Every structure is written in structure tokens, then in C-alpha cells.
Amino acid sequence: MKNQFQVYNTLSRKKEVFKPLHPGKVGLYVCGPTVYGKAHLGHARPAVTFDLLFRYLKHLGYKVRYVRNITDVGHLANDADEGEDKIAKKARLDELEPMEIVQIYTNDYHKNMEKLNVLPPSIEPRATGHIMEQIATVEKILDSGYAYESNGSVYFDVEKYAKDHPYGQLSGRKIEDMQSNTRALEGQDEKHSPLDFAIWKKAAPEHIMRWSSKWSDGFPGWHLECTAMSSKYLGDTFDIHGGGMDLIFPHHEAEIAQSKAAFGHNSVRYWMHNNMITLNGQKMGKSLGNAISLDDFFDGNHPLLEKAYTPMTIRFFMLTAHYRSTLDFSNEALQAAEKGLERLLKAVETLEQIQPDKQSTINITELKSKCYAAMDDDMNSPIAIAHLFDGVKIINSISDKKASISSTDLEELKSLYATFIFDLFGLQKVETKSDSNSSAYEGAIDLLLQLRMEAKANKDWATSDKIRDELTKLGFEVKDTKDGFSWELK
RNA sequence: GGUCUCUUGGCCGAGUGGCUAGGCAGCGGUCUGCAAAACCGCGUACGGCGGUUCGAAUCCGCCAGAGACCUCCA
């Protein structure tokens, strides 16, 4: 199949045909979470978005090295380059070691990503595990002349850099505007300009997360870790860098400047950014206090949630919107997604039971190429899903004997659905347990429904309806079929 | 205040200079003892006002509203 996979590059602001640096191989770096709190719906968006990218690239035959970091130091809680480290702050509040905090929330993140069926990345480096590399990167930047030491801290010299190189390209802002608009913050006399950002920060005496360096006992600046770790594992030029749109400025802009200073050229070939999840039209963010944790979604334990939602509902919900669009959370939308997913998965089951005919009255090749065309168009998962729903009608019609399918087409259709729904979209069927207990229980329900069949045959509608209605009350869905019945526990 | 983006039918969400997705909800029909499920049909939406055009929801301008970034955030 000839694929022209196009991705939207934030840097050029247009869709570009994706061509890897090295044929057959892709280097992908995505900004992971800062682990100082529970994973929330906002974390799931980039995870699912870039999981889809990871899966699609692999499906296209690329060997992908996917690096997604864990930020466990350097991310400050307050205004730029001042204030407490996020991890250290949480550690102080909870009376734990910073690394205990890191472990607790890294575990929480992993647990939830697994539930969402987000594949683990190839490498998941931690900032604290790469202090040496970050110190080396600081040295390179100092050597380039685009950084200066001040009172034990090292700052990136944005104004000097901006004279020689474009600064602000990714976020589309001009240095002059930034200079006139930057808020004056206290305690920044160490910096030449408020635009400068720390790449190494001297630790205050009470600061517990600290490492020694030639400049001071301190810690690396937040932006630095991604530059140091991406270059270590993917080389100083690599294919795709992803993350949330809120990271474009200053984080990714700073990364561009750092790598240009350290390596003399741009590192990233394609910048991809997912949009935000909104709640009542406003961004869902930890700092805004409106982030709902993934645990809450799965348990239904939150005042804003009408019920619990399964990880697959959340995942499908995200895939029904394009990754570059904001997606507004609501119970109504989530429940619509839940039912839609159910319809889709039921069709996959139906597909398994379809018997082929001599000829097809339907066009599978066309359906297939439409699905791929949607994915090739900057991963337009909502369009691909729409086509899959068109296919659901086809599947159900065949099942109802209103259309027919040849055995070749049937295999093609099965493979298409398996590929898109399970391999690419990463959706999973609800597991039905088949141990000895459950087979006994299934036998009992079957027995009841057999009795109902007999009642029906005798036109004993009262008994028949009683069995069905009581089972319905218990949460079973009973359906009459051509040759008998079917049931499932809702 | 600066920069940028968005505004689609009851809800969610694609898309795009003419052929006007899809899901959920709703209505009508087929099937069924009745249901459920499924299938068929139905709603002609694109913030407002102008302009460009043979033709705009899609391009341009203005207005209104919302949001994002500018400070930590996925």
C-alpha cells in the first residue's frame, strides 16, 4: 500500500508528508508527566494521541524508538525560575522523601496508562537519572556563548541568542513583544533579561533535591532535561517531538534554542502538539483545580461525574475528536461515546459469526482505503471511525441477510476491523471470564432461557415475559433471535 | 494589555469554495406474540453584518462571544 502519511508540523503550521531521517526508522520524543500528583484526564490526551502515532508508525512498517520522559526534578511550582520544586513541595506537604513522591505518582501514571491500553514507550528516562547528561549540555551551551553564569546559576541568554537565531518561531511570537510584555518578577536580578531562563539553578539551603556541579550545588532547569535526554537516546537530530499545546511556550521554544546552541542546528524535524481537554469550555488543568483524575473516572467518584466510565470509553471518546481540536468533557458526550463504542465492538462480534457467500454486494476495498486515507491525513481518527461506523451498517446488513459478502472480502473486512479497532485505536473488548464458576452460571442462565423458549412455544406469554423481565431487572439483556435467544450481562 | 485560535443541527464532533461525515438523543416504518437488537427513512446546521464569486458554512473585512498562550500546567 502506498502511504503518504501527512502530519501537521507546528513549526511550519501546515501538513507535511512524513519522511523519516533514516529510512525505515523513526525517533519519537514526547514530553511525559511531572509526577507530583495523580494522573488526570489531561494526561491521557497526549498519551493516547502519541500512542496512536506510535501504533500507526509501527503499522506502516517503521521501527520506532519512542522516548517519553518522566519529569521528577526541576519543575518549579511558582513563577519562572523561582519558588519550590513541584516534587519537593509535595514531599514536604506529605512528609515523604521526594523520590517516594516520584515513585507513587509514576506508579499511578503507569497503572492508568495500562488501563487505557497505552503502550509503554521504548525508553522512559527520568530527569534525575540524567543529571550528568544535563550538566554536559549546560557546558555545551556555555561554550556556545549563549548562556552565562550568575551567582552559581546558569541562564540561557535569550536576547543574545535572538540576535543570531530566530527565537519564537514555534509559538509565533516576537522577541520585541515579549520584552515589552514580560511581567517583572521579584528576585530575578541574577538574570540579564526577564526572558532568560535557568538551565542550572543554584539550590537554596533548604532545597533538598540537589546535585553538585562546578557552578554550584543545585539542580537542572526544567527545559533542559528534554534536550539532554532526547539527544542521548535519539541523537541530536530526530524525527518527531510531541507534547501538549500548552508546552509550546516556553518549554519547546526553549528546547529549540538549547539544542541550536548546544549542537549548532535544530534537533527536531516535526513538532506535533495535541490540544487540550476542556471542562465547561475551560482548560482542564491541575493548576486550575478542575482536573478530574483518571481513577475518579474509572470509579465514578467525583461530583461532576454521573457515573463511572471505563478506560476504553475514555480512550474512544478521545479518538472521536481530532487530536488538534479541543475536546469538551461532559457526561452526555462520554455516554454517547460509551454507546457508540458498544455498537462498534458488537459489530466486531457479529463479524465473527458471518458466513461468506459466493459474491459480495458491498465494496470492502473502498472502505479500507477510506480508513487509511483518514489516518494518513494527520491521523484523522474521527473520520476513520465514521467510516468504521459505515462498515457497521454493512456488517449488520450482512448478518440480517440483506447483503452478502464473499469469503475473500470477509477476511479482508475482519482484518480491517482487527487492525483499526484493536491494533491502531488500541480498543479492547470487555473480557468475559470463562472459568468453571462462570460456565456454571452461564449454564444456569441458558437453562432459564430454554424454559422461556418452551413457554413461548406454548404461547405462555406470562411465563415467558416474567423470565425475561426478571432477568432484565437483574441487569441482563435478553434478545430473541431467529433460531433462539442471546443474552449478555450489562 | 499583547499574540493567536475558535464559534457547525437537541448534545458531541468531522469537513470544506458547488457533490453538504459519523456517533448519541428524537420521530416514523420493517421485523417481533410483545419487546430488545438490527435494518430503512426523516431533521437540511454552520455566531451576526457586509464584501469577493456564477456559487460561501468554507475566502476577505467588521462586530459579538468564547478560549489558549504570554507564569507552573498534558
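Keep in mind the model is a prediction, meaning the values are calculated, not measured. The chains referred to below are lettered A, B, ... by the order of the sequence lines, with proteins before strands, and numbering in each begins at 1.
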Base, sugar-phosphate, or nothing for [X], non-hydrogen atoms under 4.0 angstrom?
| X | answer |
| --- | --- |
| A:A333 | sugar-phosphate |
| A:Q282 | sugar-phosphate |
| A:G42 | base |
| A:K283 | base |
| A:S325 | sugar-phosphate |
| A:K174 | nothing |
| A:N396 | sugar-phosphate |
| A:I277 | base |
| A:D465 | base |
| A:M276 | base |
| A:H387 | nothing |

Nearest-Å distance once atom [atom1] is located in both [N] and [M]:
| N | M | atom1 | answer |
| --- | --- | --- | --- |
| B:rA37 | B:rA45 | P | 30 Å |
| B:rG26 | B:rG51 | P | 43 Å |
| B:rG13 | B:rG67 | P | 16 Å |
| B:rG61 | B:rU52 | C1' | 11 Å |
| B:rG22 | B:rC49 | C1' | 32 Å |
| B:rC11 | B:rU5 | C1' | 23 Å |
| B:rA56 | B:rG15 | C1' | 14 Å |
| B:rC39 | B:rC31 | C1' | 9 Å |

Output yes if the stacking criterion (under 5.5 Å between centres, under 30° between planes) is met for A:W461 over the base of B:rG33, else no.
-> yes
Taking distance alone, no hydrogens or angles, what donor-acceptor pairs closer than 3.5 Å link side-chain atoms of residues 386-398 of chain A to residues at least two apart or in another chain?
| unit_1 | atom_1 | unit_2 | atom_2 | d |
| --- | --- | --- | --- | --- |
| A:N396 | ND2 | A:V392 | O | 3.4 |
| A:S397 | OG | A:K393 | O | 2.8 |

Just compare B:rU3, B:rG23, B:rA14 and give me whichever is closest to any side-chain atom of A:F389.
-> B:rG23
For the residue pair [X] and [Y], confirm or rule out a side-chain donor-acceptor distance under 3.5 Å.
| X | Y | answer |
| --- | --- | --- |
| A:Q335 | A:E306 | yes |
| A:N275 | A:T326 | no |
| A:T10 | A:H273 | yes |
| A:S150 | A:S153 | no |
| A:D328 | A:S330 | no |
| A:E190 | A:Y155 | yes |

Whether A:H251 and A:H223 hold their rings parallel, tilted or perpendicular, with breakpoints at 30° and 60° = tilted
Where each residue is assigned the nucleotide of RNA chain B containing its nearest heavy atom, which of A:E477 and A:M284 is assigned the position nearer the 5′ end?
-> A:E477
If each of A:W222 and A:A321 is mapped to the nucleotide of RNA chain B with the nearest heavy atom, which maps nearer the 5' terminus, i.e. the 5' end?
-> A:A321
Stacked cation flag A:R173 on A:F249, 6.0 angstrom / 45 deg | yes
Rounded distance in Å - [atom1] ([X]) to [atom2] ([N]):
| X | N | atom1 | atom2 | value |
| --- | --- | --- | --- | --- |
| A:F425 | B:rG23 | CZ | P | 15 Å |
| A:E253 | B:rC69 | CD | P | 15 Å |
| A:R468 | B:rA36 | CZ | P | 9 Å |
| A:H251 | B:rA68 | NE2 | P | 21 Å |

Under a 3.5 Å cutoff on both atom distances, Watson-Crick or G-U, what's the dot-bracket for RNA chain B ([ ] crossing, | other strand)?
-> ((((((((.[[[)....(...]]].(((((.......)))))....[[[[[..)....]]]]])))))))....
